[in-house]
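Data first, discussion second: the structure below is written as structure tokens.
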Amino acid sequence: MTVEPLWEVFVRSRRGLSHTHVGSLHAPDATMALRNARDVYTRRQEGVSIWVVPATDITASSPDEKDEFFDPAADKVYRHPTFYDVPEGVDHL
Amino acid sequence: MSHLSYARAMDSFQATIDADSRIEPRDAMPDGYRKTLIRQIAQHAHSEIIGMQPEGNWISRAPSLRRKAILMAKVQDEAGHGLYLYAAAETLGVDRADLLDMLHTGRQKYSSIFNYPTLTWADIGAIGWLVDGAAIVNQVPLCRCSYGPYARAMVRVCKEESFHQRQGFEILHTLSTGTPGQQAMAQDALDRWWWPSLMMFGPPDASSTHSEQSMAWGIKRHSNDELRQRFVDMTVPQADVLGLRVPDDGLVYDEVTGHYSFTQPDFTELYEVVKGNGPCNEKRLATRVKAHEDGAWVREAAAAYAAKQMERAA
Amino acid sequence: MSDLFTYALRLGDDALIAAQRMAEWIAAAPQLEEDVALGNIGLDQLGQARSLLQYAGSMDGRTEDDLAYFREEREFLNVQLCELPNGDFAHAMARLLYFASYQHLLYDELRASADETLSGVAGKAVKEVAYHVDHATQWVLRLGDGTSESHRRMQAALDELWPYTAELFESDDLVRRLPVAVDPAGLRDEWERRVLAVIDESTCSRPEASYQHRGGRSGQHTEHMGFLLAELQHVARSHPGATW
């Protein structure tokens, strides 16, 4: 049985926005993957640009490591503008 | 994974479910959760692609070019929906080719509604109005399913399907205000599709095998009987607008509860059709298997070509 | 019947009958992605057919449905290539390569027509059929240069349909005297250049034909056409005067 590679599909919905993951599909090669993505994921004018990436080429963070990956960012509140007091009457800051 | 870290992962799974957050593909999850999802998503995907057949049956005969275009777009959507759903199932570590193989060998099921034949043009209206109507009642809660990829696929499916039910209602409305022949066709379609549509919500809660655990896992949000009631309450007034008679002598509106009481469908028929004893079971599966087998040489050719191109590039 | 009416019917009937055959592939394609792709192509063709039949109908008070459902076989003016029954997937892609490549050249030129409706339809359709050509090309390459079985099937399909391509480029008094029309005879060389380039790259051999099928433009069809129309028309004809 022929197993066709899986491709992840990213679509830019309109100019000015970044590509967003919309789903996946099967195709024998990149050329067909791009065309299939056009037919499957942009039938209703959902996009102006498409990326396809072999699913096996994606390196993902592991959910097992999510504590050490993402928790240390939690206490760095000074990275957010709402951390700072601004005296009343000061605009454009 | 050690016992301790497994226990911790399961706690984290349960905490995610309890917080009504979403489980994502690489999260640890109980084996039963994974299996239940694979079974349900695959069955859902199979239903979409088998469901192309009863309607595809009428594309070549659609009585106006406008209707032909709408029907083509609808059947095409169903292929797309099958595809989104297979993709969601694949995030759980199964391959679409294996799922298709399970369908083709009868080891996984699809919705029994598609084992009924489409005999007249009005059936296309009835499928859109009743079958897609019932599907929407079933599917809208799935947009909040605890498994992220399934929920996201369902958001897309529900958005695209919003025209499916309307076009079905429009077909029947045109027929029921048309010639006597067209009116009779519309009533006949409702008479045949009403009961199978009620069966789409599955067996009564008292005898539903998978329901309780699925509710606890946030895969299912409402019981079969709740959804069936919702469908009847929604549909009966629409039948009145169409001037068609719902074929249930026991149908009564209860002023106090605000719900219709109605006759339950014959669930022995549902069990029989699920077992394979419906009017179109064999035909639907044979057609599907034939398309797959007829396409084998094409898929092999595409793979061979891709391999040659890689070799040439290397 | 005016020349313009007849001309719009020719183009519209080509698209309508091609769409009817293409739609038969939905739920029968080699993979799900292809079901969706062929659905898109069929919908494009049907859309072109509707625009052209509406235009033709506007000239003598008929609707697109009057023209699609209530004409007799001898009144249909499509080329025979479009009406032949579906074969295997190679057959579908060979037909699409031949037909869409022709349509692409035709619409491209028709964009400059002085007839605003025709140029408008062509302007929209030329983009659609460019995609059809690409789709067919991709598959002809893959099937021709895939496995030995796919090569054999692709070659057989290219050979079988080639004798039906001459009709696409048939010139007659009507296209020569109708200033807003494109004389398809002028498209032949470029069509051959493009189609043969794809066939060469696919490793198939160039088809040769001694017999050329003709007659569609004057309403003479193959034996398959009657069955196609029976299916297409029977519901509408069973309920005369009904709306749908």
Side-chain angles (χ1 to χ4, degrees), chain A residues 1-14 17-48 50-72 74, chain B residues 1-2 5-6 8-9 12-13 16 23-29 73 76-77 79-91 94-98 100-101 104 148-149 152-153 155-157 159-160 162-163 292-293 295-310 313:
Chain A
M1 186 166 38
T2 320
V3 176
E4 296 195 311
L6 187 68
W7 302 77
E8 298 298 336
V9 181
F10 300 79
V11 170
R12 184 199 298 288
S13 57
R14 57 186 165 83
L17 299 179
S18 46
H19 288 75
T20 307
H21 183 243
V22 293
S24 54
L25 50 75
H26 287 271
D29 54 50
T31 307
M32 291 309 285
L34 203 52
R35 282 156 180 77
N36 289 345
R38 176 262 194 193
D39 286 318
V40 172
Y41 288 104
T42 65
R43 302 202 290 295
R44 289 176 169 82
Q45 298 185 293
E46 293 96 332
V48 296
I50 303 173
W51 291 345
V52 290
V53 181
T56 49
D57 283 0
I58 291 180
T59 308
S61 64
S62 158
D64 298 341
E65 300 160 350
K66 70 175 188 299
D67 294 350
E68 51 269 46
F69 252 67
F70 304 114
D71 284 359
Chain B
M1 210 184 279
S2 71
S5 61
Y6 179 77
R8 202 168 344 144
S12 143
F13 169 82
T16 306
I23 302 297
E24 293 296 343
R26 304 183 73 220
D27 289 337
M29 59 187 89
Q76 184 203 33
D77 269 350
H81 297 170
L83 211 146
Y84 308 155
L85 287 161
Y86 284 122
E90 288 189 289
T91 62
V94 287
D95 198 272
R96 184 170 94 188
D98 295 328
L100 284 171
D101 194 50
H104 298 156
R152 290 192 287 275
V155 168
R156 203 175 178 96
V157 168
K159 202 158 91 185
E160 296 188 353
S162 51
F163 95 82
H292 187 73
E293 286 176 354
W297 68 271
V298 177
R299 296 188 298 273
E300 280 158 22
Y305 178 85
K308 282 186 205 175
Q309 292 298 106
M310 293 262 275

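The sequence lines fix the lettering, A, B, ..., with proteins before strands; numbering per chain opens at 1.
- For B/Glu160, the parts lying near chain A are the backbone and the side chain together; criterion is any non-hydrogen pair under 4.5 Å.
- To the nearest 0.5 Å, atoms NZ (B/Lys159) and CD (A/Glu46) are separated by 7.0 Å.
- Heavy atoms closer than 4.5 Å to chain A are found in the side chain of B/Ser12, but not in its backbone.
- Across all their heavy atoms, A/Ile50 and A/Ala37 have their closest contact at CG2-CB, 3.8 Å.
- The candidate with the highest count of non-hydrogen atom pairs below 4.5 Å against chain A, out of B/Arg8, B/Gln309, B/Arg156, is B/Arg156.
- Neither the backbone nor the side chain of B/Arg152 comes within contact range of chain A, judged by heavy atoms closer than 4.5 Å.
- Between A/Tyr41 and B/Tyr84, the distance from one ring center to the other falls under 6.0 angstrom.
- Contact annotation for B/Tyr305: only side-chain heavy atoms (C-beta onward) come within less than 4.5 Å of a heavy atom of chain A.
- Neither the backbone nor the side chain of A/Glu8 comes within contact range of chain B, judged by heavy atoms closer than 4.5 Å.
- For B/Asp95, the part sitting under 4.5 Å from any heavy atom of chain A is the side chain, from C-beta outward, and nothing else.
- A distance of 13.0 Å separates CZ in A/Arg35 from CG in A/Leu25, rounded to the nearest 0.5 Å.
- At a 4.5 Å heavy-atom cutoff, A/Thr31 makes no contact with chain B through either its backbone or its side chain.
- Using a 4.5 Å heavy-atom threshold, the side chains of A/Gln45 and A/Arg14 count as separate.
- Around atom CZ of B/Arg26, more than 12 heavy atoms belonging to other residues, nucleotides or ligands sit under 6.0 Å away.
- For A/Ala55, no part lies under 4.5 angstrom from a heavy atom of chain B.
- Other residues, nucleotides and ligands contribute more than 12 heavy atoms inside 6.0 Å of the NZ atom of B/Lys308.
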